[in-house]
Amino acid sequence: MAGRGKTFFAQYDQEGRNFMHAQRSSPMRDHRRAFRAQLTAPLKGKKLLDAGCGYGHDLPFYAKRGALVYGTDPSKAMIALARQQCPDVSARLSVQPIQKTSFPDRFFDWVTSIYALHNAPDLQPAFREMHRILKPNGLFIYLVQHPLFVFQRTRHQTYHRKETIMFTIPDMEPPCAIRQPAHTFSEYFSPFVLDRFELLAFAEGREAVPLWFLAKLKRKV
Ligand SMILES: C[S@@+](CC[C@H](N)C(=O)[O-])C[C@H]1O[C@@H](n2cnc3c(N)ncnc32)[C@H](O)[C@@H]1O
């Protein structure tokens with residue numbers, strides 16, 4: 001369990017291996033299938049960053065399609081696991097959060113991110129950073145927890161209030177609760193974001209209360 005006082009990243013440092021085993025038992029959930037359906041253009045020869053790559057579940061998938069794959073995650077333990085799982089990509093894996101990276105401007109053709117962006121305390125710095133490191137017309141495809149799902153877990157039941165929720169990751173043994181910030185749709189699609197990116201696609205989970213949504217953004221020139 002993530003206790004009080006632990007830094008946010010330490011939660012994943014501690015739980016990384018259990019998380020990997022839980023995911024491995026059901027690696028292609030609907031959300032990942034929906035995400036991959038958005039990868040319509042060829043990846044061959046493209047520089048691709050998986051931001052918040054965790055233990056590296058998706059890195060081999062991108063590498064097999066010919067992308068030059070980079071991966072970042074703020075959790076040292078997650079990156080250590082990713083290095084073991086994906087030795088071919090190891091030299092291009094680094095410990096850094098999505099909101100502040102060390103990559104040069106206009107470096108990537110694609111940035112992908114699954115269930116990671118919502119962990120950023122504020123979304124604007126993360127979108128600013130993705131805009132900075134993408135080439136003009138580069139694609140940022142992300143999938144995050146759905147604000148409705150998150151709202152259900154807020155203490156104050158006030159949609160626009162800044163809150164940290166506790167979320168229990170499914171299928172983990174022992175159960176693992178993670179603290180994370182709640183975000184609204186207006187943060188994901190703020191004027192700041194829409195000034196810098198064109199929205200190409202949007203999809204959301206089909207559950208009674210959707211678990212996730214995804215967006216495919218193109219960096220404006
Ligand atoms: C649920 S895991 C998903 C990992 C991977 N993308 C996958 O689909 O298996 C969430 C990941 O987000 C990472 N994370 C936490 N804060 C982050 C931040 N500010 N920027 C990027 N990733 C973050 C965690 O360390 C963890 O590896």
* Are there more than 12 heavy atoms of other residues, nucleotides or ligands under 6.0 Å from atom NZ of Lys220? -> yes
* Does any donor atom in the side chain of Gln96 or Thr72 lie under 3.5 Å from an acceptor atom in the other side chain? -> no
* To do: Go through the steps to decide whether Lys47 and Asp109 satisfy the test salt bridge (Lys or Arg N to Asp or Glu O under 4.0 Å), and finish with yes or no.
  => CA-CA 5 Å; Lys47 268 192 205 150; Asp109 300 286; over 6 Å; no
* Gln124-Gln99 side chain donor-acceptor pair, cut-off 3.5 Å -> no
* Going only through I, L, V, M, F, W and Y residues with side-chain contacts under 4.5 Å, is there a path from Val111 to Phe107? -> yes
* Got Asp30 and Arg206 here, is their nearest side-chain heavy-atom distance under 4.5 Å? -> no
* Would you check if there is a donor-acceptor pair between the side chains of Lys216 and Thr40 at a distance under 3.5 Å? => yes
* Asked: Less than 4.0 Å between a side-chain N and a carboxylate O, is that true for Asp58 and Arg36?
  -> yes
* Given the rule that I, L, V, M, F, W and Y join up when any side-chain heavy atoms are under 4.5 Å apart, are Ile98 and Ile79 in one cluster? -> no
* Asked: Do Arg106 and Ile133 come close enough that some side-chain heavy atom pair is under 4.5 Å?
  -> no
* Taking the six-membered ring where the residue is Trp, are the ring centres of Phe189 and Phe127 under 6.0 Å apart? -> no
* Asked: If only atom types and distance count, is the side chain of Thr164 paired as donor or acceptor with the main-chain N or O of Pro181 below 3.5 Å?
  -> no
* To do: Kindly say whether the aromatic ring centers of Phe167 and His118 come within a distance under 6.0 Å.
  => no
* Shared hydrophobic cluster, Leu81 / Tyr70 (ILVMFWY, side-chain heavy atoms < 4.5 Å) -> no
* Asked: Backbone N or O of Arg29 within a donor-acceptor pair of the Arg33 side chain at under 3.5 Å?
  -> no
* Asked: Do Tyr188 and Val144 touch side chain to side chain, with heavy atoms closer than 4.5 Å?
  -> yes
* Heavy atoms, side chains only, cut-off 4.5 Å: are Tyr159 and Pro147 in contact? -> yes
* **Expected output: side-chain Glu163 to main-chain His156 donor-acceptor under 3.5 Å** => yes
* **Note: Lys162-Glu187 ion pair, threshold 4.0 Å (strictly below)** => yes
* **Centroid-centroid under 6.0 Å between Phe140 and Phe108 rings** => no
* When you look at His31 and Tyr115, which way does the ring-ring contact (aromatic ring centres under 6.0 Å, His included) test go after all the steps? -> CA-CA 10 Å; His31 71 269; Tyr115 274 135; 4.9 Å; yes
* Asked: Just one of Leu139, Ile141, Leu134 clears the side chain to side chain contact (heavy atoms under 4.5 Å, CB included) bar with Lys218, so which one?
  -> Leu139
* Asked: With hydrophobic residues grouped by side-chain heavy-atom distances under 4.5 Å, do Leu214 and Leu117 end up in a single group?
  -> no
* Give a yes or no answer on whether the side chain of Arg65 reaches the backbone of Phe61 with a donor-acceptor pair at less than 3.5 Å. => yes
* **Member of Phe202, Trp212, Phe185, Phe151 meeting the ring pair (Phe, Tyr, Trp, His ring centres under 6.0 Å) criterion with His146** => Phe185
* To do: In plain terms, say whether Asp105 and Arg132 are close enough for a salt bridge, that is, a side-chain N and a carboxylate O under 4.0 Å apart.
  => yes
* To do: Report yes or no: does Asp50 contribute a side-chain atom to a donor-acceptor pair with the main-chain N or O of Leu59 at less than 3.5 Å?
  => no
* Linking I/L/V/M/F/W/Y whenever their side-chain heavy atoms sit closer than 4.5 Å, directly or via other members, would Phe213 and Leu39 fall into one cluster? -> no
